[in-house]
Amino acid sequence: MLTLKRTLLATALSAIAVTAQAQSDITVALQLEPPHLDPTSAAAGAIDSVLYSNVFEGLTRFMADGSVVPGLAESWEISDDGLTYTFTLREGVTFHDGTTMDAEDVKFSLDRILAEDSVNAQKALYSAISAVEVVDPSTVRLTLSEPNGNMLFNLAWGDAVIVAPESIENIKQQPIGTGAFKFVEWVQSDRIELVRNDAYWGTPAVLEAATFKFISDPTAAFAALMAEDIDYFSNFPAPENLPQFEADPRFQVLVGSTEGEVILSTNNKMPPFDNPLVRQAMAHAIDRQAIIDGAMFGYGTPIGTHFPPHNPAYVDLTGQSAFDPDKAKSLLAEAGLADGFETTLYLPPPSYARRGGEIVAAQLAQVGITAQIINVEWAQWLESVFKGKDFGLTIVMHSEPFDIGIYANPEYYFQYDNPNFQAVMATLNSTTDPEVRTQLLKQAQQMIADDYVNGYLFQLAWLPIAKSGLKGIWQNAPTQATDLTAVSWSQ
């Protein structure tokens, strides 16, 4: 009888072990659903959150530590004058439909970004590219009109992933890339499903399949994690619940940093925001720490300009726009608005915006600025605010790395037009000397702080929560991605 019991126990333990080792898929939760699935034709970081590195790849790519490494280009040479980049492509790379990825696809992708009718959100980053030449099937030559010290970095953005002309017509619904996972299905308002690409050119993914679920409500996010309906929430939207997860052995909480500046974006061409005194008044009406504490439960770092505090070139300019309601009222009076004014405050779904927006509106009201809150979905925000520029104020997180250059584009949605700043950015782009670049970056930060272009609130913390057995997830977010290519379950 004892032998039988031992045999049954061993069989049961073996079955449990097999079950524990059997999980080869993952369910990931994100707060925002992409408006479509083409990262090269929208400003929505939610697209990269699903597809960057997993489905689409560029010539270069970001790693978890923010470094830029070879992607579809295995190597490159840069001419001494900085005007010619010659990329050698990896051999044997195919798109998910079986077609070969070669130099013609690279040319097509980059020419598409630069086309007159391009809707690429970061087209300005690649404007120095004057020609893209196919040398042979595995070699591409880029010619620049002027040196650009950020080009390899810019080519790692999701906006510059390589796509094929054969699949471009349906890319927004049927994305076909070269990555370690293939797109399977998008059930809108619910999930996107991926499956491992067994023909991947590089190190294959360990996971066989991945499902991305979209849970915008923080309460629902908490419930889904606690019920173990999801394995990983890439940036948990309810920081007040973190202590419960930290105390639960089923979960791991990884508090990290992002490249995301949360700002009170201001329409610089709309009266009265075209008056720098009004923008300065708003900056002094804002209590950053109260927003961080109230909306993010203390997770976040105050900023006084559009630059991440963890960057060595960061300048702490928070004191220049310190919370001072009396000064804010005085500046409004000086601007001829002693009685205040009314405006709109558009808030997209993320918690930092919806929760933070309520606090910001209350703070502005204290100095006489009435901000009418308009809650919008992400697609509406992109259409009315980003594209239409039909807004007074909005709160949004800019997740793109090293993106201070957006202030050099007067057509960008907050419509800041300063030729002196544009000249600094042009010099930065043509400079490779690290010390000179650092000084230029510091100068640029000071300029937009001096002009009070936007209300600079805080650097968003990265708050991933995962089941305790999950390995290989990014603790920090150097770009808006949920890279699953090296994720696995512990045995």
Side-chain angles (χ1 to χ4, degrees), residues 65-66 150 153 239 255-266 268 276-277 279-328 331 352-353 356 359-360 363-364 367 393 395-408 414 416 418 420-421 424-425 427-428 431 433-463 475-479:
D65 62 358
N150 292 327
F153 186 92
V255 178
S257 62
T258 76
E259 294 295 319
E261 292 83 17
V262 177
I263 64 176
L264 178 65
S265 291
T266 306
N268 279 236
L277 290 174
R279 301 197 299 268
Q280 184 179 358
M282 287 198 309
H284 287 294
I286 293 169
D287 184 346
R288 297 182 183 89
Q289 195 58 51
I291 299 168
I292 294 170
D293 292 341
M296 302 304 297
F297 291 80
Y299 292 98
T301 304
I303 56 174
T305 188
H306 196 115
F307 211 72
H310 55 262
N311 190 295
Y314 174 72
V315 181
D316 185 357
L317 298 171
T318 52
Q320 187 168 320
S321 52
F323 179 51
D324 189 341
D326 290 336
K327 185 172 184 178
L331 287 163
Y352 67 77
I359 300 170
V360 167
Q363 292 176 351
L364 293 177
V367 301
L393 301 170
I395 294 179
V396 69
M397 182 265 291
H398 282 259
S399 62
E400 296 86 356
F402 204 76
D403 61 354
I404 194 171
I406 58 179
Y407 289 78
F414 44 70
Y416 173 62
N418 182 340
N420 292 330
F421 183 89
V424 169
M425 284 293 102
T427 304
L428 175 70
T431 301
D433 183 278
E435 292 186 7
V436 176
R437 286 178 61 83
T438 294
Q439 292 307 311
L440 289 167
L441 285 169
K442 290 182 176 181
Q443 183 180 351
Q445 293 172 62
Q446 186 70 60
M447 291 177 77
I448 60 174
D450 289 346
D451 285 345
Y452 297 92
V453 182
N454 294 308
Y456 302 107
L457 304 181
F458 61 92
Q459 198 75 15
L460 191 72
W462 189 247
L463 306 174
Q475 178 170 349
N476 300 309
T479 189

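Because only heavy atoms are used, hydrogens play no part in the values below, and waters and symmetry mates are left out as well, while side chains stay in.
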- Query: If we only count heavy atoms from C-beta on, is the F402 to P308 side-chain gap below 4.5 Å?
  - Reply: no
- Message: As a test of understanding, state which of D403, T305, L460, N454 forms a side chain to side chain contact (heavy atoms under 4.5 Å, CB included) with E261.
- Response: D403
- Distance-only polar pair, side chains of T431 and D433, donor-acceptor under 3.5 Å: no
- Message: Let me confirm one number: the CZ-OG1 distance from R437 to T427, rounded to the nearest 0.5 Å.
- Response: 11.0 Å
- Checking N268 side chain against V453 main chain: does a donor-acceptor pair fall under 3.5 Å? yes
- Test side-chain contact (heavy atoms from CB on, under 4.5 Å) applied to I263 and I395, step by step: CA-CA 6 Å; I263 64 176; I395 294 179; over 6 Å; no
- Item | Which atom of I448 lies closest to which atom of F421, heavy atoms considered | CG2-CE1, 3.5 Å
- Task: May I ask you to check whether H306 and Y407 place their ring centers less than 6.0 Å from one another?
- Result: yes
- Message: Return the CE to CG distance between M282 and L264, rounded to the nearest 0.5 Å.
- Response: 5.5 Å
- Which atoms form the tightest heavy-atom contact between T301 and P309, and what is the distance? CG2-CG, 3.9 Å
- Item | Test item: W462 and Q475 side chains (from C-beta on) under 4.5 Å apart, heavy atoms | no
- Query: Taking only residues two or more places apart in sequence or in another chain, which ones pass side chain to side chain donor-acceptor pair (under 3.5 Å) with E400?
  - Reply: none
- Item | Approximate separation, where rounding is to 0.5 Å, of T258 OG1 and H310 NE2 | 7.0 Å
- Query: Is there a side-chain contact between H284 and F323 (heavy atoms, below 4.5 Å)?
  - Reply: no
- Of all heavy-atom pairs linking V367 and P325, the shortest is CG1-O, 3.8 Å
- Task: Quick one: list whatever passes side chain to side chain donor-acceptor pair (under 3.5 Å) with S321, sequence neighbours left out.
- Result: R288
- Message: If you apply the rule side-chain contact (heavy atoms from CB on, under 4.5 Å), what do you find for I303 with Y456, and how did you get there?
- Response: CA-CA 6 Å; I303 56 174; Y456 302 107; 4.0 Å; yes
- Task: For the residue pair E259 and Q459, confirm or rule out a side-chain donor-acceptor distance under 3.5 Å.
- Result: no
- From CD (Q439) to CG (L428), nearest 0.5 Å: 12.0 Å
- Locate the shortest heavy-atom distance separating G356 from A295; write the atom from each residue and the value. N-CB, 3.6 Å
- Item | Beyond-backbone contact of F414 with I406, side-chain heavy atoms, under 4.5 angstrom | yes
- Item | Pair D450-Y452, side-chain hydrogen bond (donor to acceptor under 3.5 Å, both in side chains): steps then yes or no | CA-CA 6 Å; D450 289 346; Y452 297 92; over 6 Å; no
- Is the shortest heavy-atom distance from the side chain of V255 to the side chain of L463 under 4.5 Å? yes
- Side-chain (Y352) to main-chain (M296) donor-acceptor, under 3.5 angstrom: no
- Task: Output the distance between atom CD1 (I291) and atom CG (L457), rounded to the nearest 0.5 Å.
- Result: 5.0 Å
- Query: How many angstroms lie between CD1 in I404 and CD in Q445, if you round to the nearest 0.5 Å?
  - Reply: 5.0 Å
- Message: If I compare all heavy atoms of P239 with all of Y299, which pair ends up nearest, and what's the gap?
- Response: CB-CD1, 3.7 Å
- Note on the structure: Minimal heavy-atom distance between G256 and N476, with the atoms involved, is CA-OD1, 3.1 Å
- Applying side-chain contact (heavy atoms from CB on, under 4.5 Å), run through L441 and V424 and close with a yes or a no. CA-CA 8 Å; L441 285 169; V424 169; over 6 Å; no
